[in-house]
Amino acid sequence: MALSGQFVTIVNRTQRELKAKFDGKEFVIPVGESPLPLEVVPFAKRQNPVMGTMHAKNPMKVQSLIGVKGTKDPITPVKEDPTAELFDPDTLDPLPPGQKRVRIKGREVTRWELADDNPVVDNQAAVGGD
Amino acid sequence: MGDTAILDGILKDVFEDFVSSQVNDKNPLVDLFKPETIPHGGREVKYATKVGRNASPMFVGEDSAFATAGAPAYVQFSITTRKAMGRIRLTAEVIDDTSRGEYAYKQALKEEMKDLIDNFAKRQEFALATDGRGILALIDEADPDGDQTLELDAPGGVTNDNFGNRYCQPGMVIAAINPATGQPRAVTCTITACNEDGTDVTVNTAGGAWATAWANSDYIVQAAADATGTPSVNDTSWEKAWWGLLALVDDGTYRDDYFGVSRTQYPNLKSYVRATTGALSLDGMQLVSDVVEQKLGGRIDLVVAHHSTRRTYLQLLEADRRYQGGDLQSPDGGTKAFKQQDVTFGGVPFRAIKSFPLDIVMFLDKGNSGFVQYVSEAGKWEDRDGAVLVRDGTGSSARHAFEGWYYMRKQFHARYPGYNARMDGVTGQTLVVVRDE
C-alpha cells in the first residue's frame, strides 16, 4: 500500500534507537520525538513492547516503548526490564497461599531451588536439593 | 630385490566408481509445502475475495423503520508469475571427454543439467522461507571499508544479528539495493567465500567504487554479472523472487500490499502476528491457536520453525519430564527430535526446517489456507530455437562451447491468509546454523 503521506509525532521512551518494520521496510526511530508515517505507527508500537507488561488474559493490553504525542499513549521515559518474558506475571491467576512466582534467568531450575524462600537460581540446576 | 617403491612403475591406480557428494540437496520446505498447482497465463490472474458484510440486518419492532440496504464488500487479487533462470556452459571437449564411463566418473553434460535443476530447488527453498524481495542479507558495516570482507546480518531480510551469510553461496554475484529508493548502488561483485560463523562473506574486489557506494543496512541481492558501473535493477533479483511464507502468512510487516489489496485497509487478509514474542511459552502458543479459531474458524495443523527455535520448545518441557518404571533403569534424555522426527504440541506436528527464519514460529492451517501456486512454466530447458544447447557466440566472439538455459515461472499464493499465524522475535535460542554449500 502506498503510504498516505500523513505523519504523526511519536516519542521513543527509551534511550536507544528503536526500529519498526512495515511492508518490508525498516523505519529507524531515534531517541526522543520524531515523525512517523501514520500507517506504520501500530506496527511500531506492537514491535516494541515494554517487556513484562502484556496482560496475561488480554494480549491487546500491553505497553509500548513508543507513544504518539497528543494522544492517550504514555510518552514518559520508561526503564526497560531485561526480562525475556512479555507476560506480566502479576496478571496471571493468583497462586494458592504459600506459593509465589519467581522470575529467573536461564531455564533450568529444580523444584528444590524453587522451594527455597530465597532461591538462588544460577542456571546450573543441581539435582538433589542443593 | 623388489619393493613397491622400486617396482612403482608397474602398479596401477585403481579408481573406485563412486562420487561422494558433500552438498546438502535436501529441501524440506519445498517437500513440506506442496500447494495446489493452477495454470497461469495472460496478463494476470484475478479473482474476487469477500472482505465485508451487509450490515443492515437488525432487530426491529412492529411497524418500525429498518436499516438502509448494505452490501457485502469485494476486492480483487491480482497475481502474476515470477521467473527464475539459470544456465550451464560446457566446452565441446568436456562433453566429449566425459561421454563414456571409462573416460570419467560422470558425464559432464548430464550431471550439469541435473545439478542445475537441483539448485533451482535450493533457490525455491530460500524463496519459500522469505518474502519475495530476493534479499539474501543486509550489510552490517557502518562503512564498508574497502577490504574484501563484507559483514552481513538479517539473513533473508529478517531482523537478526546472526548468520547473515546463511543464504549466500560462493560464486554468487551480488548487488546492494538502497532501501530508501529500491535502486541498486554502483558496482557489483562476486562472493568468493562465506565464513563459517555466518558473519561475513569475502568478495572478489577490494576498494574502488563499491566500497564508497555501498552503505550499512543496504539489501544484498543476487545480480547477473560483475559490473563496474551501476547495474540495472532489472538485472538483479530485487523484488523478483517467488513470494514465500513470510509474505503469505503476514500482517503487513513484510507485505502490506497483498497481491494488489492493502492489508491495512482490509485486515481480514492479515494473519495473526505476535510481533515481539520474547521467550516462547506454551500459553502463548495456545493463544495463537485460539486467535486463529476466533478469526476464521481455523485449526492449526502444522507448526514450523528453525531447529534452534524448536529446541526452545523442547526446553519448556524438560523440567516436567519424569522417569518411572522401566525408564529408571535406562533413562532416555532425548526426544523424537533427536532422530529429526516431528515432536508435537497438542497433537500437531512441530517441524524443524533448516532454511526457516531464525526467530520465527509459524502456525499453519494447511487444510483451510488455500495454498496454491500459479504456474506459467513448471521448469524447462529453453529450446524454442530448436535446440536445448546453443553455440556460444558467433564470429570473432564464438567459442567451441555450448550453453543451456533452464527456467521456471510461477508464484505462490494463499487464498485465506487469516487461517494462519506467526510469532516473531522469539528469544532464548542457542542459535546454531550449519551452512549447507
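Naming convention: chains lettered A, B, ... in sequence-line order (proteins, then strands); numbering from 1 in each chain.
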*Proximal component of B:Asp251, with respect to chain A [non-hydrogen, under 4.5 Å]*: both
*What part of B:Tyr258 is in contact with chain A, defined as an atom under 4.5 angstrom from a non-hydrogen atom: side chain, backbone, both or neither?*
neither
_Enclosure of A:Phe7 CZ (heavy-atom neighbours >12, cutoff 6.0 Å)_ = yes
_Non-hydrogen atoms of B:Ala414 and B:Leu248 that approach each other most closely_ = N-CD2, 3.9 Å
*Between B:His413 and B:Phe77, does the ring centre distance come in under 6.0 Å?*
yes
_Could you report the tightest heavy-atom contact between B:Arg166 and B:Pro357, atom names first, then the distance?_
NH1-CA, 3.9 Å
*So which part of B:Thr312 gets closer than 4.5 Å to some heavy atom of chain A, the side chain, the backbone, both or neither?*
neither
*Does any heavy atom of chain A fall under 4.5 Å from the side chain of B:Leu280, the backbone, both, or neither of them?*
neither
